[in-house]
Amino acid sequence: MEPGTRLGRDFYIRDVLEVAPELPGKILVTRGTDGSFIRSQITEVEAYRGTDDLACHASKGRTARTEVMFSKGGHLYVYLVYGMHWMLNIVTGAENDPQAVLIRGLSDCAGPGKLTRLLGIDRSFNGEDLVNSKRIWVEDSGFKPECKTGFRIGIDYAGEYWKTRPWRFFL
DNA sequence: TCAGTGATTAGG
DNA sequence: CTAATCACTGAG
């Protein structure tokens, strides 16, 4: 794919374990307060996969908050944690197959709560569609990175098995 | 190491 | 209605 091309629906409607390792290296495009575009390289993500995954919010069932995870891939799932940090997630997979990728780091900002503050991402982005949004999308970089993997962070409540899935991907 | 902070959820 | 929980961060 050409660098600078916006990723389309087909990229996102695959299984989260195919999509997540391909996101590091790609370019997240957002708009600054002055309307200019901000381009950041994604450096770290985590996969959350389905109702069986005890670390995935969808394992608690379909609720008002998790509803968007049940939509088709390409939409955003944005929620507040610890009363102050917005988490930016990209929904993946087919409709009714709740999965998402948490964006944990950008080239110029490490930390999932810090990067949303930097980019001004809040509740109003929940449900946004990356395929046709005018204010946020992902572009291909023409760069195929080798991802390292690790355990997901901050999910001790999910139990030994889910805690040790190597579903964190980073450059 | 640990407090801050408020939406979300389950339960009475 | 109440109370517990939380995919984090920054200060000490």
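These numbers were taken from a predicted model, which means no experiment stands behind them. Letters A, B, ... are given to chains in the order of the sequence lines, protein chains preceding strands, and every chain is numbered from 1.
- Rounded to an integer number of Å, the gap from A:D122 CG to C:dC8 C1' is 17 Å.
- For the OP1/OP2 pair of B:dT8 and a distance below 4.0 Å, the side-chain nitrogens and oxygens of A:R123 include at least one atom meeting the criterion.
- If you take CZ of A:R152 and C1' of C:dA7, they are 9 Å apart, rounded to a whole angstrom.
- With no hydrogens or angles considered, a side-chain donor-acceptor pair links A:N96 and A:R62 at under 3.5 Å.
- Considering only side-chain N and O atoms, A:R117 lies under 4.0 angstrom from the phosphate OP1 or OP2 of C:dG10.
- Ranked by how close their nearest DNA chain B nucleotide is to the 5' end, A:R65 and A:V81 are led by A:V81.
- At the phosphate of C:dA7, OP1 or OP2 sits under 4.0 Å from a side-chain N or O atom of A:H57.
- Between the P atom of B:dT5 and the NE2 atom of A:H85 lies a distance of 11 Å, rounded to the nearest Å.
- Between the A:S36 side chain and the A:G32 main chain, no donor and acceptor come within less than 3.5 Å of each other.
- Within the 4.0 angstrom heavy-atom criterion, only backbone atoms of the sugar-phosphate kind lie near A:I155; the bases stay farther away.
- Note on A:G83: a base of the nucleic acid sits closer than 4.0 angstrom, heavy atoms only.
- Taking a pair to require two hydrogen-bonding distances under 3.5 Å in either a Watson-Crick or a G-U wobble arrangement, C:dA7 remains unpaired.
- Phosphate proximity of C:dC6 to A:Y79: absent, as no side-chain N or O sits under 4.0 Å from OP1 or OP2.
- Remark: P of C:dC6 and CG of A:L102 are 16 Å apart, rounded to the nearest angstrom.
- Atom pair A:R62:CZ and B:dT9:C1' shows a separation of 17 Å (rounding to whole Å applied).
- Donor-acceptor pairing under 3.5 Å is recorded for the side chains of A:H57 and A:Y77.
- For the pair A:R165 and A:Y161, the cation-pi test (distance below 6.0 Å, angle within 45°) is passed.
- Distance from the side chain of A:N89 is smallest to C:dA7 among C:dA7, B:dA7, C:dC8.
- The heavy-atom pair separating A:W167 from A:D53 by the smallest distance is CZ3-OD2, 3.7 Å.
- The interatomic distance linking A:Y77 (OH) with C:dA7 (C1') rounds to 9 Å, in whole Å.
- In this structure, A:W86 atom CH2 and B:dT8 atom C1' are separated by 12 Å, rounded to whole Å.
- The nucleotide B:dT5 finds no pairing partner, because no Watson-Crick or G-U wobble arrangement with both distances shorter than 3.5 Å includes it.
- As a whole-Å value, the separation of A:D156 CG from C:dT5 C1' is 14 Å.
- Proximity note for A:L80 (side chain, C-beta onward) versus B:dA7, C:dA7, C:dC8: the nearest is B:dA7.
- Counting any heavy atom pair closer than 4.0 Å across all strands shown, A:M84 reaches a base atom.
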